[in-house]
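Take a look at the structure below.
Hydrogens, waters and symmetry mates play no part in the numbers below; they use all other heavy atoms, side chains included. The shown structure was predicted, so the numbers you read here are calculated from the model rather than taken from an experiment. In what follows, every chain begins at residue 1, and chains take the letters A, B, ... in the order their sequences are listed.
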Protein chains: 2
Amino acid sequence: MATINDVARAAGVSPSTVSYVLSGRRPISERTRERVRAAIAELGFHPHAGARALASSRTNVLALVVPLRADVSVPVIMQFATAVVTASRSHNHDVLLLTKDEGTAGLERVAHSTMVDALIVMDVERDDVRLTALRKLKQPSVLIGLPEDPAGIACVDLDFEAAAAEALRHLAWYGHRRVALVGPSPAVYRRGTTYAERFLTGFTAASAGLGLETVTHPCEPDRAGVRACLADIDAQLPGVTALVVHNEEVLRMVLEELRADGRRVPADISVVAICPRDVALTMPLPLTSVDIPAHDVGGLAVETAMRLLDGRSIEPVRLLPPTLVERESSAPPATAAG
Amino acid sequence: MATINDVARAAGVSPSTVSYVLSGRRPISERTRERVRAAIAELGFHPHAGARALASSRTNVLALVVPLRADVSVPVIMQFATAVVTASRSHNHDVLLLTKDEGTAGLERVAHSTMVDALIVMDVERDDVRLTALRKLKQPSVLIGLPEDPAGIACVDLDFEAAAAEALRHLAWYGHRRVALVGPSPAVYRRGTTYAERFLTGFTAASAGLGLETVTHPCEPDRAGVRACLADIDAQLPGVTALVVHNEEVLRMVLEELRADGRRVPADISVVAICPRDVALTMPLPLTSVDIPAHDVGGLAVETAMRLLDGRSIEPVRLLPPTLVERESSAPPATAAG
DNA sequence: CCGGATCGTCGAAGCGCTTCGATGATTTCG
DNA sequence: CGAAATCATCGAAGCGCTTCGACGATCCGG
């Protein structure tokens, strides 16, 4: 492997000049710059990452902590991950992949040993134990999610309260009066992943604001759970004309059960899903949905990390506004008067 | 951050002694070792990764190249990825996540800049352009998959030929004589991902060996594709009593279509899937399946990389034997005589 | 009781890069 | 036209670690 000295020799300049050509931190004449560039290309020179990190205390690597197999749906995790990698690359950074199961120790390990410049953490819980560890690190961190007390740590996420409101507004506009929420599994609530609660809060508030009759119900991610959930909903709120489903795992099963029940979507019952676009599109029927913009959120997380590293200002909490896209699963209720 | 010098001072020894305690490359007396350990713990010392890499030319990082959104199913990719991360951690390595779309350049970048000790590459194609680049790197690489000419590069994968044979043997044993293969989408074949071909080869060979009447058909991953595929199969091989499905994307839809068609699984038609265990289990009916052991393959890839790094011997191509697990989707055909 | 192993530790060099201060050379301007 | 400012480049120090050779100290056998 060629070193910076080889390049310097080949270009007839000093190593520091090569370094300055590379970093642009000092003006270098066009002529010299060209010679150096040619030498770099000819020798196939790539700066040694470790040496660079040692000298500059910058690694150009971001840590990404992903849940291993939580109740978060796998495709969504992948979408976040690829978004983070892609965005990182466009900022000339690489991504070190950590799993949540390494816990606090993993974060401290990579941070203390200076493997990364910043950390992006997915799937944070309301009272996540990792938060205090993150606050102590010299590297900044960005959460995807929103804990109870985000003080001192940047957070980005979808605005789930607004998402719930958006879904209800759409249904109310069509004339629905009785709407049920099929929520995440009880495990998600128990675990304290706040997006579930935030959605619930938004749902309840919007329901009141719009004067709707609503009921909310968590849903276990299996056939039995779905059946039980739908049965409970019917029992608690007879004459429901619309469902908001905030649970990708069961989305498909809900549709199947409705169908098995002889209820046509959207003729007999409307369905609005909260899920990534492509999930909404690969269902038997293209679903009206509020997008979970994993790509945007991931990109924003990286962007935020970069600003933090550059000492630029950031908004500590950034909640992206939701977008509802109407597709084929929502329509006016069969009888406009609920 | 504490440095090795701080530790040395605190323990009353020289920095090199601390280093030797850490690496175990030279004998250090119990007494000294303890003092050093205490100092390390007290100061919360973590060696600087860059400095270490620079001095030792070892990064303790593995690159993992994942397909971004190929026709490979996302959960499988995630399973490989988490398996690789977990296994790497157990060997004291971290994982740098690269996406396939960076192509050859990405591999060269991380290798030339000495960011990683070895590379693990998923989703290799028959004639993958990245192969020649990989061969030139000073770091070893391990492929998950099997290209046409794996010369000089270690490969690990499931033995897909054997997997096909296993599926057919199971069905033949039950007395099925007419079996159809619902294969991956044409795009997968076109792309030259060899697992599809290997499965097909194994399927055809075993079919002949067992004296079965079979037909094989790729399948587009949408409702229309599934319908077309099933219709074609019925047209080409009337009286089919069993399906082997080597396409996770459509698995669920195949079951739905069969059901819509009034064909009961397994009473009217048996189904054997080639997919990860948990996919087989989360279907409406637990499926008899040949496991895709992503976890094992990922672990083996890491293990192989480690052996390569340690200069230990390896088998250049390692194909894991398949395991068929009988569940509820296979049974004897309605009439034992096909 | 002495010469040669063996053991435990140290000091120094060096890994490849960045960065700071210094230094000529050139330009600018009063 | 000379002092001051600016420009382009260089040299050297230093980032934090590993590793090699060296060196006393302890051990062994004869």
Bend of the helix from C/dC1-D/dG30 to C/dG30-D/dC1 from end-axis comparison, five pairs per end, nearest 10°, comes to 30°
Remember a base hit wins even if backbone is also touched, and classify A/Val13 as base, sugar-phosphate or nothing at under 4.0 Å, heavy atoms. sugar-phosphate
Which residues share a side chain to side chain contact (heavy atoms under 4.5 Å, CB included) with A/Ser57, sequence neighbours left out: none
Residue list, salt bridge (Lys or Arg N to Asp or Glu O under 4.0 Å) with B/Arg307, at least two apart or on another chain: none
Kindly indicate, with the supporting measurements, whether the criterion side chain to side chain donor-acceptor pair (under 3.5 Å) is fulfilled by A/Thr17 and A/Ser14. CA-CA 5 Å; A/Thr17 300; A/Ser14 81; 3.3 Å; yes
Return the value, rounded to whole Å, for the distance between atom OH of B/Tyr20 and atom P of C/dC7. 16 Å
Applying side chain to side chain contact (heavy atoms under 4.5 Å, CB included), name anything that partners B/Arg58, two or more places apart in sequence or on another chain. B/Ser56, B/Asn60, B/His93, B/Asp117, B/Leu309, B/Asp310
Contact class for A/Ser56 vs. all strands (heavy atom < 4.0 Å): base, sugar-phosphate, or nothing? sugar-phosphate
Please enumerate all residues that pass salt bridge (Lys or Arg N to Asp or Glu O under 4.0 Å) together with B/Asp157, with sequence neighbours excluded. B/Arg198
Contact check, residues 24-42 of chain A vs DNA chain C, heavy-atom distance under 4.0 Å, returns A/Arg25, A/Arg26
On DNA chain C, does the nearest nucleotide to B/Ser14 precede the nearest nucleotide to A/Leu22 from the 5' side, or the other way round? Give the residue. B/Ser14
Which donor-acceptor pairs under 3.5 Å do the side chains of residues 40-55 of chain B make with protein atoms, sequence neighbours left out?
unit_1	atom_1	unit_2	atom_2	d
B/His48	ND1	B/Gly50	N	3.0
B/His48	ND1	B/Ala51	N	3.0

On DNA chain D, which is the earliest and which the latest nucleotide, 5' to 3', with an atom closer than 4.0 Å to a heavy atom of chain A? D/dA8 to D/dG16
Mind checking salt bridge (Lys or Arg N to Asp or Glu O under 4.0 Å) for B/Arg318 and listing every partner two or more places apart, or none if nothing turns up? B/Glu315
Would you tabulate the side-chain donor-acceptor contacts of residues 136-154 of chain B under 3.5 Å, counting partners in other chains and residues two or more places apart, or write 'none'?
unit_1	atom_1	unit_2	atom_2	d
B/Gln139	NE2	B/Ala111	O	2.9
B/Gln139	NE2	B/Val116	O	3.1
B/Asp149	OD1	B/Ala151	N	3.0

Modelled atom types, side-chain donor and acceptor of B/Thr32 and B/Ser29, under 3.5 Å: yes
Residue mapping more 5' on DNA chain D - nearest nucleotide basis, A/Thr17 or B/Ile4: A/Thr17
All salt bridge (Lys or Arg N to Asp or Glu O under 4.0 Å) counterparts of A/Glu125, not counting sequence neighbours: A/Lys100, A/Arg191
Does A/Glu34 have any side-chain hydrogen bond (donor to acceptor under 3.5 Å, both in side chains) partners at least two apart in sequence or in another chain, and if so, which? A/Arg37
